[in-house]
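Note on naming: letters A, B, ... go to the chains in the order of the sequence lines (proteins, then strands), and numbering restarts at 1 for each one.
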Protein chains: 2
Amino acid sequence: MAKKKDIPGDLSTEEKIKEAARKVFTQKGYAATRTRDIAEEAGINLALLNYYFRSKEKLFEIVIMEKMQLLLGKIGPVLANEKTTIEEKVAEVSEHYINTLLSNPDLPLFVLAEIKNNPDKFANLIKTKTKIVDSAFFKQLAARRPDIDPLHFIFNMLGLIIFPFIGKPLLQLITGITSERAITLINERKKLIKIWFQAMLETP
Amino acid sequence: MAKKKDIPGDLSTEEKIKEAARKVFTQKGYAATRTRDIAEEAGINLALLNYYFRSKEKLFEIVIMEKMQLLLGKIGPVLANEKTTIEEKVAEVSEHYINTLLSNPDLPLFVLAEIKNNPDKFANLIKTKTKIVDSAFFKQLAARRPDIDPLHFIFNMLGLIIFPFIGKPLLQLITGITSERAITLINERKKLIKIWFQAMLETP
DNA sequence: AACAATATTAATCAAATGATTAAAATATTT
DNA sequence: AAATATTTTAATCATTTGATTAATATTGTT
């Protein structure tokens with residue numbers, strides 16, 4: 001009697017719409033997405049979208065919050081861990097995010113564009129969730145390299161991990177490599193970033 | 001009798017529209033931009049936009065090509081130079097792009113999003129303009145580190161330079177730093193990236 | 001089976017949006 | 001100054017788009 005029934009192979013209508021919304025929103029962004037695109041992708045009547053989710057805006061809210069969590073959920077706890085070394089944290093973050101982004105390649109551009117469009121909306125969510133500057137990682141970096149702002153190393157780590165995903169279309173154009181080759185390279189980076197990060201830490 | 005007159009302080013109408021289009025398009029992207037926004041920003045009647053540029057699409061074309069050139073015009077020649085070392089190239093690219101992006105912080109997200117939406121459109125433009133894989137830089141990297149694909153170092157250099165601009169809104173949220181502090185840090189990177197890059201090259 | 005609740009559809013609405021038109025204003029040429 | 005070309009405006013169009021409605025179908029309950 002609730003909203004849906006558990007259907008054997010198929011998803012519930014509500015879930016089909018959400019799944020389609022995830023796909024279309026992350027691919028094209030909020031503004032370029034038509035509710036009709038989502039309906040078509042989900043294989044449902046347009047009116048159903050509003051029946052279940054009230055509005056494009058409300059549906060988007062659900063998707064963006066999910067994706068935000070996917071992009072930011074892991075990093076806080078890893079960096080907060082008092083018991084691991086800098087190197088271990090970098091390795092853990094690299095591996096986790098490269099894997100996550102290989103499955104969700106549009107995620108960074110989507111989330112970063114949305115944050116840029118609407119920074120205030122996520123202020124609370126993120127501030128409570130991800131306390132980078134008080135983290136063990138931050139303190140460890142400050143202790144190891146008192147001469148360089150730890151934020152630089154945060155930039156570096158995230159840049160080395162995330163940039164290939166954002167820059168992939170451009171880099172394919174200017175280098176001519178295939179998508180598969182790019183993915184192979186990105187996979188190699190799981191091990192390389194750890195080494196490079198260490199090298200940057202030990203710089204004179 | 002041509003399109004415009006050279007007016008003392010003010011810009012010609014055509015240039016006012018283009019300038020407004022640059023601002024609004026790069027800030028909000030193609031889909032989220034209303035031609036009325038551009039008209040208002042330019043302080044002109046909406047019909048004038050179509051009078052001078054025929055359509056939103058055509059106006060956008062002009063802007064995106066300009067911005068593409070701004071983002072990609074410099075890198076090819078610098079990396080092609082047979083007479084400079086790896087380190088000199090990295091220094092030159094870092095300094096040039098950090099300066100350029102400090103004046104055009106929305107540029108990378110704007111161009112990268114557009115390339116992602118429409119890769120084929122820019123294929124010709126970029127392929128002829130930016131031959132990375134045949135560049136002196138590429139060969140120098142391959143000679144210095146035969147064990148690592150030179151593309152990794154391209155990823156690294158561009159990631160270290162560009163990512164802070166794309167990730168700035170996010171990083172401000174998760175670290176709480178001000179925009180000014182972020183800009184100060186980014187400025188520091190002009191010198192740091194050179195050092196870090198060298199450290200990554202000399203990794204065991 | 002009868003009834004009620006829930007889900008789905010086709011048709012339609014109202015507002016937003018890119019574009020055009022016809023007239024008015026301004027500048028340029030003769 | 002008259003005539004012509006160019007620029008600018010207000011009004012309007014046609015389409016797209018998010019959303020609603022009223023009717024129909026399906027599912028669940030008694």
Taking only the side-chain nitrogens and oxygens of B:T13, find out if one of them lies under 4.0 Å from OP1 or OP2 of D:dT8.
yes
Measure from the side-chain N and O atoms of A:K139 to the backbone N and O of A:D134, and report whether any donor-acceptor pair falls under 3.5 Å.
yes
Would you say that B:Y30 contacts B:E57 through its side chain, given a criterion of any heavy-atom pair below 4.5 Å between the two side chains?
yes
Check: A:T33 main-chain N/O paired with A:D37 side-chain donor or acceptor under 3.5 Å:
no
With A:R189 via salt bridge (charged side-chain N to carboxylate O under 4.0 Å, His left out) - residues at least two apart:
none
With the threshold set at 4.0 Å, does a side-chain nitrogen-carboxylate oxygen contact exist between A:R22 and A:E41?
no
Run B:T84 and B:K89 through side-chain hydrogen bond (donor to acceptor under 3.5 Å, both in side chains) and show every step you take.
CA-CA 7 Å; B:T84 54; B:K89 290 185 179 71; 3.0 Å; yes
Rounded to whole angstroms, how far apart are CZ on B:F53 and P on D:dT8?
12 Å
Is the Lys NZ or Arg CZ of A:K56 less than 6.0 Å from the centre of A:F25's six-membered ring, within 45° of the axis?
no
When rounded to whole Å, the CD1 to C1' distance for the pair B:I17 and D:dT8 reads 11 Å
Between N or O atoms, less than 3.5 Å apart, protein on one side and nucleotides 22-24 of chain D on the other: list the pairs.
none

Each nucleotide in nucleotides 9-21 of chain C should get exactly one letter: B, S or -. Can you fill that in based on protein heavy atoms under 4.0 Å?
BB------BBBBB
Shortest non-hydrogen contact from A:Y97 to A:G73?
OH-N, 4.3 Å
